[in-house]
Each structure stands twice: as C-alpha cells, then as structure tokens.
Undergrad: 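One structure coming up, written as structure tokens, with questions to follow.
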Number of protein chains: 2
Amino acid sequence: MPLPEVSQFIPHIAYDSVVFGFSKGKLKILLMEYHDTGWFALPGGFVERSENLEDAVKRGLNERTGLKEIYLEQFHTFGDTSRYRPEVMRRILEANGHLIPENYWMLDRFFSIAYYALIDYEKVTLMPDALSDSIAWYEIDKLPDLILDHGKIVQKALQTLRENLDRKLIGGNLLPERFTMNELQAVYEAILGQKLRRTSFQRKMLSLDILDRHEKLFTGKSHKAPYLYSFKTH
Amino acid sequence: MPLPEVSQFIPHIAYDSVVFGFSKGKLKILLMEYHDTGWFALPGGFVERSENLEDAVKRGLNERTGLKEIYLEQFHTFGDTSRYRPEVMRRILEANGHLIPENYWMLDRFFSIAYYALIDYEKVTLMPDALSDSIAWYEIDKLPDLILDHGKIVQKALQTLRENLDRKLIGGNLLPERFTMNELQAVYEAILGQKLRRTSFQRKMLSLDILDRHEKLFTGKSHKAPYLYSFKTH
DNA sequence: TTCTATTGTTTCAATATGAGACAATATTAA
DNA sequence: TTAATATTGTCTCATATTGAAACAATAGAA
C-alpha cells in the first residue's frame, strides 16, 4: 500500500476518536497498536479535500468497526505546538517499510479534532488499518501509554462524557436495544467511577419518562426476574 | 499593508471568537465590519507556524481589545465543506485593494476553531484590524446577518455559555471586580434569556460560598443600599 | 417624621434526594 | 410441597433543595 498523497487530504488537520464500549461491567476504549513499534494510539485519520469533517470521522469509524450509525460527539480540538513530533510519525511509517519523501505532509504539524463515540460492544467487528498490527479494547483504567497527547485526549473525553451523561441521557448508546435496569446502572457507575444507590437510580430513571418497559428477562437465576427496558424513540 | 504570506501561518486553519460583554442590561458581542462590503463577521485570525492555538486566539483578542487576561473557552470546531466559499474572502481582500495571487492560501478551505470570551465591557479599547472599517458591540438579539456560518457559531457559543453558566460559575467575568447582587442577576438573566426570582437567586449565590461581601454602594437613590460583592479568588 | 423603593432575610409549601424497609418472585434446597 | 435465597420493584420517612411570598431594614425624598 502506497503512502497517502497530500492531494487527497487536507494538510495539518487530523481527527482522533475515543470509542467507548461497555463489557463485563467495565468501560473500555479502542486502541490501535502500530507495527513493530510497541506504540499505542487512538484510532484517527485525515479529512479528504471535499469531505465534511464529521463524515470523515464516521468513515474512519466505519472502516474499523463496521458500524454505520454511531453516536458521535465532538469535544475538543488540540492545537499545541508540543504535538509536533515528526519523529513519531516517521518511525511509524518506516516501521511499515515506507520510504518517506522530502517534506512529507504527514510529518507536518497537525491539529487534531477529537470526538468520542458510544457504541454497542457486541455489534463491533474490529478491523485494523494498514499501519496497525491490531485494534482492540482496553479497560479505561488499564490503558497502556499512548503516543503524543493521546492520553490527555482520553482524559478529556472521559471528563466530557461524565458531564454530558445526565444532561444528554446518552448512557443507553453503550447497551443493546433492550437492557435491564441493573445493566444501565452498571454503565452509569463505570462512566462516573462510583457506585450509585440502586433504588434512587431506578426511581430517577423511571421518573424521567424516557424508558419503555418490556417483558421480563428470565436468566435461570433463583430470584425475581428483572424487566427489560429500552429508550423511547420519540 | 501587504497580503499575509502562507509561510507565516498554518494553512486551512483559522479561529473565530465570540466575545461577550455586558452593558446597560444587555448581552453583547463584538463584530467586525469589512471595508466596502457591508459584511459583518466574528473577530478571527490564523495561527502562526510555531504558535500554540490558544496563544493565537489570545493574541488576536489582545490586538482588538487591548486586554491581556481574558476568560477564554473553546467550544466547537466547524469543518463542513459548506464553509468553503472562496468568493467571500476574495471580495473582502479585493475591497481592500489587494491583488490576489493565483491559488492564494486565504481562499482555500478552512476549518475554524471557535472560542468564546467573557470580558469586562468597560475595560475594552476597540481597535479594528487592517481589513475592517470597524469593530463594535452588537446586542445579542439584534445582530446583523453574518458571513459564512458565523451566525451558527454565535448560536452555538450562546448555547454552550448557557450550559456552562452554573457549572463553571463564569458569570462574574462579564462584570467589574465589584458588583451588586442585582447586577450579577442581570448578567444571568441576559445569558439565560429569562427572568430569575430575586430571592432564590440571592440565596443560591450566597449559599455557594463563592462571593466576598464588601462595603455598601450608595447610589443616591432613596432606598436601602446594596452590598458590593466580588468573587473569591481562592 | 413619614413615605417610597429596593435590599437582605425569613418562612412555609412543594419538590427532589438519601437511606432504608418491605413486598414480590424465580429458582434451589429440603 | 414447602422453605430458603437472592434480587427486583415499590414504598416510606427523614433531609435537602427550590418556588413563592412575606417581612424587616434602610437611604434618600417629601
């Protein structure tokens, strides 16, 4: 695969995405591991010359997860000069066997527009890109070191997600269509990083009038079966 | 004044700032009017090759207002292809008597990183830039039509300001060091676009333990004199 | 001295939240 | 068949917060 040409993309502009998923009671994000470097990074990419910014992000996420409809939110643009570390991208490209031209555009200073995405963990089919060995889930509190300022980007994403959780009622995007109240509470607890009172949480969620109640879920466990809920589509 | 050269700036990247001020009970923002076009726009600019993004915004605001310390918050980056309207910038530059080179960088597609600023109206000395006839205050609900998507940028700024008002307790940045409770309430009402209950507002503000109470303000009016308050510096 | 307008405080009702009790129930064990 | 267990959904009551209004204080004018 040849090196991307600057004629196709807007120089100096990139996006990075913090893709949140929820599984086994843990909040997780997607990380790429680059060939032969041991380096981890957020899934990101560039914007084509005639492409809307948000379409570029969706395109990139679709290529890596197979998902078409994704809950996406822009949260910050990172533009410090300290991000300019051409030797990092050089090493990544060289580790892929590329010969890098003089003044190659991908080694320039980049501004990164960061988005977070909330997706249903079970619906994802992970596909690495050309530069990466792998793309995989990592627990949010067991992340490896990340290149450049990607660690800071993750922290800012998590902070914004926490602030938006109640205001935008977005927790459900991390669950399948139908879920139990207990599962929803576990999502909230994982995002906020703290336990919530079961009865208060249930009362609050029901009083918001955003949930539909469906049939009971019989798990085979020896106790009362919980109802399944879904978010109202209105 | 010669045309800026691309060697000095990062191409494709601009910032726009929504500068809020408060005067005579009204929330206002700064707008530039370009020479001989009748066009209004937000104060904005470009980022120098070795300059931090936020430093560029502060530099631009300092050049136009004379202020050094400014409460500044990034709120969104606008990157739709519909922003690409080279004829707009062409007309602005030509109205200033410039001869525009082939493929001139300022006519390219730009991503704009938008910030809002909150400043003390009284402390500002307005200075237009080279392309503008004027820079002046406009009431937020009596704005003229703005170029490109600047109207949308203002709306998003206002929305973000409203959401952040209570969470970040930033209203005081629009007032002088010392102010009455009534003035603070007027700021909140102007931002939120709705009346607030005087007694609830006072109780709330005092209970937050963020204000210092100082001497009374004697205005000469025939009624009880209000106290002056200031925000705790902590 | 009285009156007026506005400020700071208090009161009481209405609403929301914290903490826990209680009843219902799906399955297992006796 | 019955009792035990774990978990769910609901209810209760104490506490905190907010809405709405009354009340007291006071700077200047009449």
Side-chain angles (χ1 to χ4, degrees), chain A residues 22 24-25 162-163 165-169 171-172 175-232, chain B residues 22 24-25 162-163 165-169 171-172 175-232:
Chain A
F22 182 76
K24 303 205 174 76
R162 284 175 180 156
E163 290 168 359
L165 185 58
D166 279 319
R167 205 158 49 74
K168 304 199 171 181
L169 302 167
L175 292 171
E177 174 71 15
R178 297 195 176 188
F179 48 84
T180 66
M181 194 60 79
N182 209 12
E183 288 167 335
L184 185 60
Q185 183 178 341
V187 167
Y188 271 69
E189 289 175 344
I191 291 174
L192 297 174
Q194 59 177 354
K195 288 277 171 195
L196 300 174
R197 261 162 294 278
R198 182 182 67 87
T199 54
S200 297
F201 182 81
Q202 174 131 331
R203 176 174 52 187
K204 180 77 175 180
M205 281 298 145
L206 293 178
S207 74
L208 290 174
D209 197 36
I210 52 170
L211 297 179
D212 284 326
R213 177 178 283 181
H214 304 286
E215 75 280 6
K216 290 183 175 182
L217 173 69
F218 297 92
T219 59
K221 300 279 180 60
S222 68
H223 53 72
K224 185 173 179 178
Y227 289 105
L228 286 170
Y229 298 89
S230 67
F231 279 87
K232 286 185 178 172
Chain B
F22 182 75
K24 303 208 173 73
R162 284 174 179 155
E163 290 169 358
L165 186 58
D166 279 318
R167 205 157 48 74
K168 305 201 173 181
L169 302 167
L175 291 171
E177 174 69 16
R178 296 191 176 191
F179 48 85
T180 66
M181 193 61 79
N182 209 13
E183 288 167 335
L184 186 59
Q185 184 178 342
V187 166
Y188 270 69
E189 290 176 342
I191 291 173
L192 298 173
Q194 58 178 355
K195 287 279 171 193
L196 301 174
R197 262 162 296 277
R198 182 183 66 88
T199 54
S200 297
F201 182 81
Q202 174 130 331
R203 176 174 50 187
K204 180 77 175 179
M205 282 296 145
L206 293 179
S207 74
L208 290 174
D209 196 38
I210 52 170
L211 298 179
D212 284 324
R213 177 178 283 181
H214 305 284
E215 76 281 5
K216 290 183 174 183
L217 172 70
F218 296 93
T219 60
K221 300 278 180 60
S222 67
H223 54 73
K224 185 172 180 178
Y227 289 105
L228 286 171
Y229 299 88
S230 67
F231 279 87
K232 285 185 179 173

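Chain letters run A, B, ... following the sequence lines, proteins first and then strands; every chain starts at 1.
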Undergrad: What's the CD-P distance between A/Glu215 and D/dT8, to the nearest Å?
TA: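 After rounding, the gap between these two atoms is 16 Å.
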Undergrad: Atom CG in A/Asn182, atom CG in A/Leu217: separation rounded to 0.5 Å?
TA: 11.0 Å
Undergrad: Return the value, rounded to whole Å, for the distance between atom CG of A/Leu217 and atom P of C/dT25.
TA: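 Roughly 17 Å, once rounded to whole Å.
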Undergrad: Among residues at least two apart in sequence or on other chains, which ones pass ring-ring contact (aromatic ring centres under 6.0 Å, His included) with B/Tyr188?
TA: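 Once residues adjacent in sequence are excluded, the partners of B/Tyr188 under the ring-ring contact (aromatic ring centres under 6.0 Å, His included) criterion are B/Phe201.
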Undergrad: Which nucleotides of nucleotides 20-30 of chain D have their base under 4.0 Å from a protein heavy atom (B), which only their sugar-phosphate (S), and which neither (-), written as one string 5' to 3'?
TA: BBB--BBBBS-
Undergrad: Starting at CZ of B/Arg197, measure out to NZ of B/Lys204 and round the result to the nearest 0.5 Å.
TA: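 If I round to the nearest 0.5 Å, the distance is 13.0 Å.
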Undergrad: What does the inter-axis angle of the helix from C/dT1-D/dA30 to C/dA30-D/dT1 come out as, five pairs per end, nearest 10 degrees?
TA: 20°
Undergrad: Please tabulate, one pair per line, all N/O donor-acceptor pairs under 3.5 Å involving side-chain atoms of residues 208-216 of chain A, not counting sequence neighbours.
TA:
from     : atom 1 : to       : atom 2 : distance (Å)
A/Asp209 : OD1    : A/Lys232 : NZ     : 2.9
A/Arg213 : NE     : A/Tyr229 : OH     : 3.3
A/Arg213 : NH2    : A/Tyr229 : OH     : 2.9
A/His214 : ND1    : A/Arg178 : NH2    : 3.4
A/His214 : NE2    : A/Ser230 : OG     : 2.7
A/Glu215 : OE1    : A/Arg178 : NH1    : 2.8

Undergrad: Which heavy atom of A/Gly25 sits nearest to which heavy atom of A/Ala190, and what is that distance?
TA: O-CB, 4.2 Å
Undergrad: Rounding to an integer number of Å, can you tell me how far A/Phe201 CZ sits from D/dT10 C1'?
TA: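 The answer, rounded to whole Å, is 17 Å.
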Undergrad: Taking atom P of C/dT17 as reference, at what distance in whole Å does atom CG of A/Leu196 sit?
TA: 13 Å
Undergrad: For A/Leu184 versus A/Met205, what's the shortest heavy-atom pair and its separation?
TA: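 Residues A/Leu184 and A/Met205, closest heavy atoms: CD2-SD, 3.9 Å.
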Undergrad: To the nearest 0.5 Å, tell me how far A/Lys168 NZ sits from B/Glu163 CD.
TA: 6.0 Å
Undergrad: To the nearest Å, give me how far apart CE (A/Met205) and P (D/dT10) are.
TA: 15 Å
Undergrad: Report the distance from atom CG of B/Leu196 to atom CZ of B/Arg198, rounding to the nearest 0.5 Å.
TA: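 Going from the CG atom of B/Leu196 to the CZ atom of B/Arg198 covers 12.5 Å.
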Undergrad: Kindly say whether B/Met181 contributes a backbone atom to a donor-acceptor pair with the side chain of B/Gln202 at under 3.5 angstrom?
TA: no
Undergrad: Between atom CZ in A/Arg213 and atom P in D/dT8, what is the gap in whole Å?
TA: 13 Å
Undergrad: What is the minimum heavy-atom distance between A/Leu175 and A/Phe22, and which atoms define it?
TA: CD2-CD2, 4.3 Å
Undergrad: Among residues 176-193 of chain B, which residues get a heavy atom nearer than 4.0 Å to DNA chain D?
TA: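 Listed by number, there are none.
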Undergrad: Which residue pairs pass the salt bridge (charged side-chain N to carboxylate O under 4.0 Å, His left out) test with at least one member in residues 181-191 of chain B, sequence neighbours excluded?
TA: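 Listed once each, the pairs are B/Glu189-B/Lys195.
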Undergrad: Starting from C1' on D/dT18, measure out to CG on B/Asp166 and report it in whole angstrom.
TA: 13 Å
Undergrad: Rounded to whole Å, please give me the gap between CG in B/Leu206 and C1' in C/dT10.
TA: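 Rounded to whole Å, this separation is 14 Å.
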Undergrad: So, does A/Tyr229 get its side chain near the phosphate of D/dG9, meaning an N or O under 4.0 Å from OP1 or OP2?
TA: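 Answer yes for this pair, as a side-chain N or O of A/Tyr229 is under 4.0 Å from OP1 or OP2.
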